[in-house]
Amino acid sequence: MSNTVHHSVVDRENDYIHAGYGLKSWLLTVDHKRIAILYLISITIFFFVGGFFAFLLRLELMTPAGDIVSAETYNKLFTMHGVVMIFFFLIPSIPAVLGNFLVPLMIGAKDLAFPKLNLMSWYVYNIGGIFALYALVNGGVDTGWTFYTPYSSTYSLSNVVPVVIGAFILGFSSILTALNFIVTIHKMRAPGLTWFKLPLFIWASYATSIITVLATPVIAITLCLLLFERLMGVGIFDPALGGDPILFQHLFWFYSHPAVYIMIIPSMGVISEVVTCFARKRIFGYKFMAYAIMAIAIFGFLVWGHHMFISGQSVYAGFVFSALSFMVAIPSAIKVFNWTATLYKGHIEFRTPILYAFGFIGLFTIGGLTGLFLASLATDVHLTDTYFVVAHFHYIMVGGAVMGYLGGIHFWWPKMTGRMYNEAWAKFSALILFVGFNLTFFPQFVLGYLGMPRRYYIYPDEFQVLNVLSTAGATILGLGYIIPMVYLLWSLRKEKNVGTNPWGATGLEWTTQSPPITHNFEKTPVVTGEPYVYQEEEKVVE
Amino acid sequence: MSNNSDSAVGHAHHFTDMDQQREASTLGMWTFLVTEIMFFGGLFVAYALYRSMYPEAFAEASLRLNLLLGAINTGVLICSSLTMVLAVRDAQSGKVKGLVRYLIATIVLGSAFLVIKAFEYSHKIHEHLIPGSSFQFAGPFGQQAEMFFSLYFMMTGLHAIHMIIGIGVLSVLLYQAKRGRFTAEYYSPIDVAGLYWHFVDVVWIYLFPLLYLVSRH
C-alpha cells in the first residue's frame with residue numbers, strides 16, 4: 001500500500017473503521033486507532049466488573065450490621081474492586097485508549113513506532129485479565145490490592161497466585177505501551193514540531209510513559225519475589241525466615257505511588273486540551289505546564305514513604321518523605337492555577353467536555369489538598385487506614401482520573417467515531433456524576449475524621465447516616481456511568497455527522513478527517529506555529 | 001510491499017526513512033534496557049539490605065560458591081561480548097560471512113556459560129544449598145545463609161533466563177543472516193540484539209563480585 005495517495009475529495013467511507021471488515025481485521029490489526037478501540041472495549045468491561053464490586057460494598061455498608069456478605073466475602077470484594085479498578089482500568093485507561101489513538105495523530109505520525117508491539121500489549125493485557133478473572137470465579141482474593149506480606153505470602157488462603165501472576169503480566173502491557181510512546185514522541189514528530197510546540201496531552205503521555213518504564217519493572221520483580229515466597233518458601237519478606245516485610249512495602253510503594261501519577265497525569269493532559277479549547281484562549285503558562293508535569297513525574301518517585309508513616313520506617317525517613325510529599329503540591333497547584341487563569345476572561349462554551357474539566361479541577365483540588373493532611377506526619381497517624389484516606393484517593397482517582405478520562409472520551413468521541421453524541425444527555429450525566437461523586441465520597445472524609453476505619457464490613461451505629469448518604473451517592477454515581485454508555489453507543493447508530501473539526505480546536509488531530517484514515521494524514525503535516533493559537537477572536541472582542 | 005512488516009528492501013510503512021527506523025529501534029532497545037535495570041534493581045536492593053543486615057553470614061555463605069568457575073564464566077562472557085561487537089561491525093559493513101561466524105561464536109560462548117552455570121547449580125544441590133526444606137548449612141548463620149542462597153539463585157537464575165532469551169534471539173538472527181536478510185543498510189536487529197547481549201553481560205559483571213567476592217578483600 002502506498003503512503004502517498006492523494007484524494008482531492010475525501011471519501012466518507014475511507015477511514016480506519018472501514019479499512020477492513022470482520023473480526024480478524026480487528027484482532028490482527030496493527031493500526032494504533034483500532035488497537036485503541038480494542039482497549040476501550042476491554043477496559044470498559046473491567047470498569048463495570050470493578051464497579052459491580054463497589055456497588056456490593058456500598059450495599060453492605062448501608063447498615064451497621066453485616067447483612068448481605070460475610071466478613072471474608074467483604075475482604076474479597078474490596079480487594080477485587082481495588083485490583084480490577086487500579087490495575088485493569090485506571091492505569092491503562094487514558095494511555096491505552098486515548099493515548100494510543102491520539103499520540104500519533106497529535107504529532108503528525110502515521111502510527112506508533114512499533115505497531116506490532118502495540119497489538120501485543122493488548123493481548124498481554126487480556127492474558128493478565130484472564131488470570132484475574134479466573135481468580136475471581138475461583139473464589140477471589142482477600143489480601144487488599146496492596147498484597148502486603150507476610151499475609152499474602154504465607155497466611156492468606158485465597159487465590160493470591162493467579163491474581164499476582166495477572167498483575168505481573170499486565171505490567172508488561174503498560175511497559176510496552178509506554179516504550180512505544182517514548183520512542184514515538186522522540187523520533188516521529190512531524191517536521192517543525194519541536195518539543196515546546198507539542199500539545200500538553202503529549203507532554204502528559206510522555207511523563208506518564210517515563211514513570212511507567214521506571215516504576216513498573218520494580219513491581220514486576222516484587223511480585224516475582226512474592227510468588228517465590230508463596231510457592232517455594234523463599235524467605236525474602238518473611239520475618240520467620242530472616243526476611244523483612246517492610247522491604248515489600250518499600251518496593252511495592254516505589255511502584256504504586258508513581259502509579260497514582262500514571263493515573264492522574266494523563267487526565268491533566270486531557271484537561272489542558274479541553275480547557276484551552278472551550279475557553280477559546282491559549283493555555284496560560286504553556287512552558288510551566290510542561291515543566292510542572294515533568295516535575296510531578298519526578299517528585300512522584302521520591303514520596304513513596306508517605307504510605308508507610310506508621311509501618312515502622314525510621315522517623316527521620318518519615319520527616320524526609322513528608323517534606324517531599326508537600327513539594328508535589330507545588331507543580332500540582334501550578335497546573336490548577338494555570339487552568340483557572342486560562343479560563344479567566346475566556347469565552348467559555350459550556351459543552352460536555354468542559355463540564356468534565358470543571359469537575360476535574362474542583363475534585364482534584366479537594367483531593368490534592370486533603371492529600372496534604374495525609375502528608376503531615378502528625379495528622380496522618382490519626383487518619384491512616386480510615387475512610388479519610390479512602391475519600392482522598394477516590395477524589396484523585398475517580399474525581400480526577402476518571403473525570404478526565406470521560407471528559408477526553410467526550411472530547412475526542414467525534415474524532416474517533418465521526419459521530420456526535422446527544423449533548424443534552426451528556427450534560428445531564430456529567431452533572432449526575434458530579435453530584436453522585438460528591439455525595440458518595442464527601443461523607444467519607446467526615447467518617448474517616450471521626451475514626452471509622454476502612455476495610456471493615458460492620459461499624460458502630462453512629463456512623464450510619466453518613467454511610468447511607470454515601471451509598472445513596474454511589475447509586476447516583478453508578479447511574480452517571482451507565483447513561484454515557486447508552487448514549488455513546490446510541491450515537492453509533494446514526495450516520496456520520498461531524499466534520500473534521502467539530503469543536504474548532506487546534507491540534508493536528510483536528511486537521512484530518514473524522515474518523516481518520518488508516519495512515520492518519522493524506523500528507524505528512526508540517527508544523528510552523530505555536531500550539532493553542534485560539535487568541536484571534538479574543539482580541540477582536542476586547 | 002506489505003504494509004506492516006520490516007522488509008529487507010526498505011523501511012516499514014510508518015517511518016519516513018531508514019535512519020528514522022534505525023534510530024527508533026535503537027531508542028526502543030535502550031528504553032527496554034532501562035526497564036531491565038529497574039527489574040534487576042529490585043533484587044539488588046534486596047541484596048544490599050540483607051547483606052548489610054547479615055554481613056558475617058553473607059561472607060561465610062559466599063565462601064561456598066565456586067570462585068574458579070565463576071571467574072571462568074566471567075571470562076567467557078567478556079569474550080562473548082567481544083564476538084558480539086565483531087558481529088555488529090561485520091553487519092554494518094555488510095560482511096555476511098563474518099557476521100554468521102561471529103554470531104555462532106557468541107552463541108557458543110553464551111551456551112558455554114550456561115553449561116558451566118549448570119555444573120555450579122548441580123554442585124549446590126549435592127551440597128544441600130538449595131533454599132527450602134532440604135537446606136543445610138553448619139554454623140550459627142544457617143537461616144541467614146539461606147537468605148544469601150535465595151538471593152544467589154534468584155539473581156543468577158534471572159540472569160540465566162536472560163542469557164537463554166539472548167541465545168534464542170541470536171539463533172533467529174543467525175538463521176536470518178544466513179538467508180541474507182541483513183545488509184550494510186539494514187542491520188538494526190543485529191545492533192539492538194547486541195545492546196541486549198552487552199546489557200546481560202554487564203549484569204553478570206555486577207553479580208560476580210557481589211556474590212562471589214564478598215569475603216575476599
Side-chain angles (χ1 to χ4, degrees), chain A residues 1-3 29-32 104 109-117 171-172 175-176 178-180 182-184 186-188 191 209-210 212-225 228-229 232-237 240-244 246-247 250-251 254-255 518-520 524, chain B residues 1-6 11-16 19-50 53-54 57 130-135 141-151 153-155 157-158 161:
Chain A
M1 196 188 290
S2 160
N3 51 29
T29 182
V30 287
D31 181 355
H32 65 102
K110 293 194 188 82
D111 205 323
L112 289 170
F114 309 114
K116 285 181 219 160
L117 274 190
F172 289 95
I175 288 175
L176 291 177
L179 188 150
N180 234 331
I182 290 175
V183 175
T184 307
H186 267 282
K187 296 291 175 194
M188 299 182 71
S209 303
I210 297 278
T212 305
V213 157
L214 290 175
T216 314
V218 177
I219 193 75
I221 193 70
T222 310
L223 295 177
C224 269
L225 292 174
F228 275 122
E229 180 152 337
M232 297 172 205
V234 170
I236 298 288
F237 303 126
L241 296 170
D244 186 352
I246 303 292
L247 176 65
H250 276 293
L251 292 174
F254 182 84
Y255 164 76
T518 300
H519 286 167
N520 294 346
T524 303
Chain B
M1 180 181 149
S2 97
N3 70 346
N4 58 43
S5 69
D6 327 1
H11 55 86
H13 80 103
H14 57 293
F15 291 111
T16 359
D19 280 343
Q20 190 189 34
Q21 176 168 345
R22 188 157 48 225
E23 282 176 23
S25 52
T26 309
L27 180 63
M29 183 45 90
W30 277 110
T31 311
F32 174 70
L33 294 182
V34 169
T35 71
E36 288 278 30
I37 290 171
M38 298 307 288
F39 193 59
F40 277 96
L43 282 174
F44 280 93
V45 166
Y47 175 87
L49 175 73
Y50 292 118
M53 278 168 80
Y54 312 129
I130 306 290
S133 51
S134 65
F135 186 83
F141 299 123
Q143 194 186 56
Q144 299 169 5
E146 191 173 349
M147 181 68 80
F148 175 87
F149 280 101
S150 296
L151 286 165
F153 280 108
M154 285 190 291
M155 293 169 101
L158 190 62
I161 291 171

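The chains referred to below are lettered A, B, ... by the order of the sequence lines, with proteins before strands, and numbering in each begins at 1. Worth knowing before you read on, the calculation uses all heavy atoms, side chains too, and leaves out hydrogens, waters and symmetry mates.
- Residue contact with chain B, scored on non-hydrogen atoms closer than 4.5 Å, involves the backbone and the side chain of L214(A) alike.
- Looking at L49(B), the atoms closer than 4.5 Å to chain A (heavy atoms on both sides) all sit in the side chain, from C-beta outward.
- At a 4.5 Å heavy-atom cutoff, the contact between L112(A) and chain B is made by backbone atoms alone.
- A heavy-atom distance below 4.5 Å is not found between the side chains of T524(A) and T16(B).
- Side-chain N or O atoms of H32(A) include none that pairs as donor or acceptor with a backbone N or O of P115(A) at under 3.5 Å.
- Using cut-offs of 30° and 60° for the angle between ring planes, the Y50(B) and Y54(B) rings count as parallel.
- In terms of non-hydrogen atom pairs under 4.5 Å with chain B, the most contact-rich of H250(A), H186(A), M232(A), K187(A) is K187(A).
- Distance check: L241(A) CG to F135(B) CZ gives 11.5 Å after rounding to the nearest 0.5 Å.
- Using a 4.5 Å cut-off between heavy atoms, N180(A) makes no contact with chain B at all.
- Checked by atom type, the side-chain pair D111(A)/H13(B) shows no donor-acceptor distance below 3.5 Å.
- For chain A, no part of I37(B) is nearby; none of its heavy atoms comes within less than 4.5 Å.
- No other option in A220(A), A178(A), S209(A) has as many heavy-atom pairs under 4.5 Å with chain B as A220(A).
- A salt bridge (Lys or Arg N to Asp or Glu O under 4.0 Å) check over residues 213-225 of chain A, counting only residues at least two apart or in different chains, returns nothing.
- Per-residue heavy-atom pair counts under 4.5 Å with chain B were compared for V213(A), T222(A), V218(A), T216(A), and the maximum is reached by V213(A).
- Under a 3.5 Å cut-off, the side chain of Q144(B) and the backbone N or O of G242(A) do not form any donor-acceptor pair.
- If you measure heavy-atom distances from A109(A) to chain B, you find no contacts under 4.5 Å at all.
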